[in-house]
Colleague: 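Before I ask anything, let me first share the structure, which is written out below as structure tokens.
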Amino acid sequence: MSAAASPPVVVGPAGRGDEADIESFLEMMAVERGASDNTIAAYRRDLEDAAGFVSGQGGSLTGAQTDDIRAYVARLGARGFAESSRSRRLSALRQFYRFLYAEGHRGDDPTGPIEGARKKRPLPKIMSEDEVDRLIGRADEEARDPDASPRRLARAARLCALVELLYATGLRVSELVSLPRSVLRAKNRMIVVRGKGDKERMVPIGEAAREALARFAEAMRVAGIADDGQWLFPALSESGHLTRQAFARDLKALAVRAGIPAARMSPHVLRHAFASHLLQNGADLRAVQELLGHADISTTQIYTHVLEERLIRLVTDHHPLSALSGD
């Protein structure tokens, strides 16, 4: 950025214009896109950090040019930020400048020419069908342990129901733990899930998951654990529903007992397994997008490697000339 004769007045880490534009952007993300409080907080941190850097060079984030953004990304690298973190911050800036362009506050996007810094979407961690079978089998075994106390059985039955339902539906962990108890009372094979942006979608639920839920309800009754009637998966030692963190911790411990490394296990990995195994067995990508609750098909396309493998196998197994490929 060329030096200015008289630098603009800066208030705190960013100029007043930057503060107003950042607030407008965050309001749009919350109202129009349904971004969560955590997402909004992350965007705020990233944009305010960038604004602080640019203002330190005598400019403003709203008026920054491509060289300013390149310098900021380079500065992140010098500060020891990983490539994934730099890419995330650049992504926040891209969305911010697209918003300014759409609102008529800028006539260009300074991040447009910065192609090399785009983050490549990593392939999701995948579990094999055999590993999922082992995980569910171990959960089921513990939920039926005749030597366990009623309260311990209730906890084991809850974990078994969570694992069965997550693999059967591919729900986000936040959607799973906050399911209402009315799901258990529903007689049809579809449940309504409220996802990101408060959007609702219909998700089928299989018989195995229903049976696990019924066993959990019975284990709760035998253990004498009070049910407030609101949550499908209530916390057993306090009010409210089971937390995401508690479920993730219990799931990792279960994986270890099933002979699966804890580092390879998380609720999100089971969600990926749901999607990958559907595609491996012939499901349509658009159908999987709908089940996962992805607003954009590009998000679901991280699974295209599964489709590619399936197509290669299809040709290898069924094309009349495939047997000649090794000659």
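Note that the structure is predicted; figures quoted are calculated from it, not measured.
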Colleague: Are the side chain of Ser55 and the backbone N or O of Gly52 linked by a donor-acceptor pair below 3.5 Å?
Modeller: yes

Colleague: Is the closest basic N to carboxylate O distance between Asp140 and Arg215 below 4.0 Å?
Modeller: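 Here Asp140 pairs with Arg215 in a salt bridge, since their nearest N and O are under 4.0 Å apart.
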
Colleague: Regarding Arg286 and Asp284, does a basic nitrogen lie under 4.0 Å from an acidic carboxylate oxygen?
Modeller: no

Colleague: Locate the shortest heavy-atom distance separating Pro267 from Leu166; write the atom from each residue and the value.
Modeller: O-CD2, 3.5 Å

Colleague: State, yes or no, whether a side-chain contact exists between Arg70 and Pro113 at a heavy-atom distance under 4.5 Å.
Modeller: yes

Colleague: Does Arg45 come within less than 4.0 Å of Asp49, counting only side-chain N to carboxylate O?
Modeller: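 No salt bridge links Arg45 with Asp49.
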
Colleague: Could you tell me the separation between the CD1 atom of Ile69 and the CZ atom of Phe53, rounded to the nearest 0.5 Å?
Modeller: 9.0 Å

Colleague: Are more than 12 heavy atoms, taken from residues, nucleotides or ligands other than Arg75, located less than 6.0 Å from that residue's CZ atom?
Modeller: no

Colleague: Is there a side-chain contact between Ile191 and Met202, using heavy atoms and a 4.5 Å cut-off?
Modeller: no

Colleague: Could you tell me whether Glu207 and Arg210 have a side-chain N and a carboxylate O separated by less than 4.0 Å?
Modeller: no

Colleague: In chain order, what residues pass the side-chain contact (heavy atoms from CB on, under 4.5 Å) check against Ala74, with sequence neighbours excluded?
Modeller: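 Listed in chain order: nothing, the list is empty.
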
Colleague: Just wondering, more than 12 heavy atoms not from Asp130 lying within 6.0 Å of its CG?
Modeller: yes

Colleague: Can any side-chain N or O of Asp18 pair as donor or acceptor with the backbone N or O of Ser60 at less than 3.5 Å?
Modeller: no

Colleague: Less than 4.0 angstrom from a charged side-chain N to a carboxylate O is my criterion; do Asp46 and Arg88 meet it?
Modeller: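 Result for this pair is yes, salt bridge flagged.
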
Colleague: Measure from the side-chain N and O atoms of Asp109 to the backbone N and O of Thr111, and report whether any donor-acceptor pair falls under 3.5 Å.
Modeller: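 Between the backbone of Thr111 and the side chain of Asp109 there is a qualifying donor-acceptor contact (under 3.5 Å).
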
Colleague: Can any side-chain N or O of Arg89 pair as donor or acceptor with the backbone N or O of Tyr43 at less than 3.5 Å?
Modeller: no

Colleague: I need the minimum non-hydrogen distance between Lys252 and Ala262, along with the two atoms involved.
Modeller: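 Result for this residue pair: NZ-O, 2.9 Å.
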
Colleague: Do the non-hydrogen side-chain atoms of Leu232 and Ser182 ever get within less than 4.5 Å of each other?
Modeller: no

Colleague: Check ring-ring contact (aromatic ring centres under 6.0 Å, His included) between Phe99 and all other residues, then give those that pass, not counting sequence neighbours.
Modeller: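 Expected list: Phe25.
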
Colleague: Show the numbers, then the answer: is there a side-chain contact (heavy atoms from CB on, under 4.5 Å) between Leu90 and Tyr72?
Modeller: CA-CA 9 Å; Leu90 180 58; Tyr72 172 64; over 6 Å; no

Colleague: For Leu76, is there any backbone N or O sitting under 3.5 Å from a side-chain donor or acceptor partner on Arg86?
Modeller: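 Not a single qualifying donor-acceptor pair exists.
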
Colleague: Determine whether Phe216 and Leu135 fall in the same hydrophobic cluster, where Ile, Leu, Val, Met, Phe, Trp and Tyr are linked whenever their side-chain heavy atoms lie under 4.5 Å apart.
Modeller: yes

Colleague: Can you list the steps and then say if Leu285 with Gln289 is a side-chain contact (heavy atoms from CB on, under 4.5 Å)?
Modeller: CA-CA 6 Å; Leu285 192 65; Gln289 175 195 1; 5.9 Å; no

Colleague: Taking CD in Glu131 as the centre, count heavy atoms belonging to other residues, nucleotides or ligands within less than 6.0 Å. Is the count above 12?
Modeller: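 Enclosed.
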
Colleague: Between Val132 and Ile136, is there a side-chain heavy-atom distance shorter than 4.5 Å?
Modeller: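 Contact flag for Ile136/Val132 side chains = yes.
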
Colleague: Tell me if the CD atom of Glu218 is crowded by more than 12 foreign heavy atoms within 6.0 Å.
Modeller: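 Yes, CD of Glu218 has more than 12 neighbouring heavy atoms, counting only those of other groups under 6.0 Å.
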
Colleague: How far apart are the closest heavy atoms of Phe247 and Leu242, and which atoms are they?
Modeller: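 Smallest interatomic distance, heavy atoms only, reads CB-CD2, 3.8 Å.
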
Colleague: Side chains of Val173 and His268, heavy atoms from C-beta outward: is any pair under 4.5 Å?
Modeller: no

Colleague: Working to the nearest 0.5 angstrom, can you tell me the gap between Gln245 CD and Asp250 CG?
Modeller: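 Nearest 0.5 Å value for the CD-CG distance: 11.5 Å.
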
Colleague: Heavy atoms only: give me the nearest Leu179-Leu165 pair and the separation to one decimal.
Modeller: CD1-CD2, 3.6 Å

Colleague: Can you check whether Met265 reaches Pro261 side chain to side chain, under 4.5 Å on heavy atoms?
Modeller: no

Colleague: If every non-hydrogen atom of Ser178 is compared with every non-hydrogen atom of Trp231, which pair is closest and at what distance?
Modeller: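 Smallest interatomic distance, heavy atoms only, reads O-CZ3, 3.5 Å.
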
Colleague: Looking at Arg134 and Ala258, would you say the former's side chain and the latter's main chain have a donor-acceptor pair under 3.5 Å?
Modeller: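 Checking the backbone N and O of Ala258 against the side chain of Arg134, a donor-acceptor pair under 3.5 Å is found.
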
Colleague: Donor-acceptor pair, distance only, cut-off 3.5 Å: does the side chain of Glu200 make one with the backbone of Arg194?
Modeller: no

Colleague: Among all residues two or more places apart in sequence or in another chain, which pass the side chain to side chain donor-acceptor pair (under 3.5 Å) test with Ser36?
Modeller: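 In terms of side chain to side chain donor-acceptor pair (under 3.5 Å), with neighbours along the sequence ignored, Ser36 is linked to Thr39.
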
Colleague: Mind listing the closest non-hydrogen atom pair of Leu93 and Ala50 along with its distance?
Modeller: CD2-CB, 3.9 Å

Colleague: Taking Ser87 for the side chain and Glu83 for the main chain, is one N or O donor matched with an acceptor at less than 3.5 Å?
Modeller: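 Judged by distance alone, yes, a pair lies under 3.5 Å.
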
Colleague: What pairs with Glu142 under salt bridge (Lys or Arg N to Asp or Glu O under 4.0 Å), at least two apart in sequence or on another chain?
Modeller: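 In terms of salt bridge (Lys or Arg N to Asp or Glu O under 4.0 Å), with neighbours along the sequence ignored, Glu142 is linked to Arg138, Arg257.
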
Colleague: Let me confirm one number: the CG-CD1 distance from Leu26 to Ile40, rounded to the nearest 0.5 Å.
Modeller: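 One finds 5.5 Å between CG of Leu26 and CD1 of Ile40.
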
Colleague: Tell me every residue that passes ring-ring contact (aromatic ring centres under 6.0 Å, His included) with Tyr97, counting only those two or more places apart in sequence or in another chain.
Modeller: none

Colleague: Do Leu153 and Met220 share a hydrophobic cluster, counting only Ile, Leu, Val, Met, Phe, Trp and Tyr and linking them when any side-chain heavy atoms are less than 4.5 Å apart?
Modeller: no

Colleague: Run the ring-ring contact (aromatic ring centres under 6.0 Å, His included) test against Tyr167 and tell me which residues pass, sequence neighbours left out.
Modeller: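 ring-ring contact (aromatic ring centres under 6.0 Å, His included) check on Tyr167 returns His277.
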
Colleague: Identify whether the distance between the nearest side-chain nitrogen and carboxylate oxygen of Glu175 and Arg201 falls below 4.0 Å.
Modeller: yes

Colleague: Kindly indicate whether the side chain of Leu292, heavy atoms from C-beta on, has any atom under 4.5 Å from the side chain of Phe274.
Modeller: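 Side-chain contact under 4.5 Å: yes.
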
Colleague: Is the backbone of Leu213 close enough, under 3.5 Å, to the side chain of Arg158 for a donor and an acceptor to pair up by distance?
Modeller: no

Colleague: Got Met190 and Pro204 here, is their nearest side-chain heavy-atom distance under 4.5 Å?
Modeller: yes

Colleague: Look at the side chain of Ser85 and the backbone N and O of Phe81, then say whether any donor-acceptor pair between them is shorter than 3.5 Å.
Modeller: no

Colleague: Can you check side-chain contact (heavy atoms from CB on, under 4.5 Å) on Leu251 and Leu162, steps first, answer last?
Modeller: CA-CA 9 Å; Leu251 184 61; Leu162 282 159; over 6 Å; no

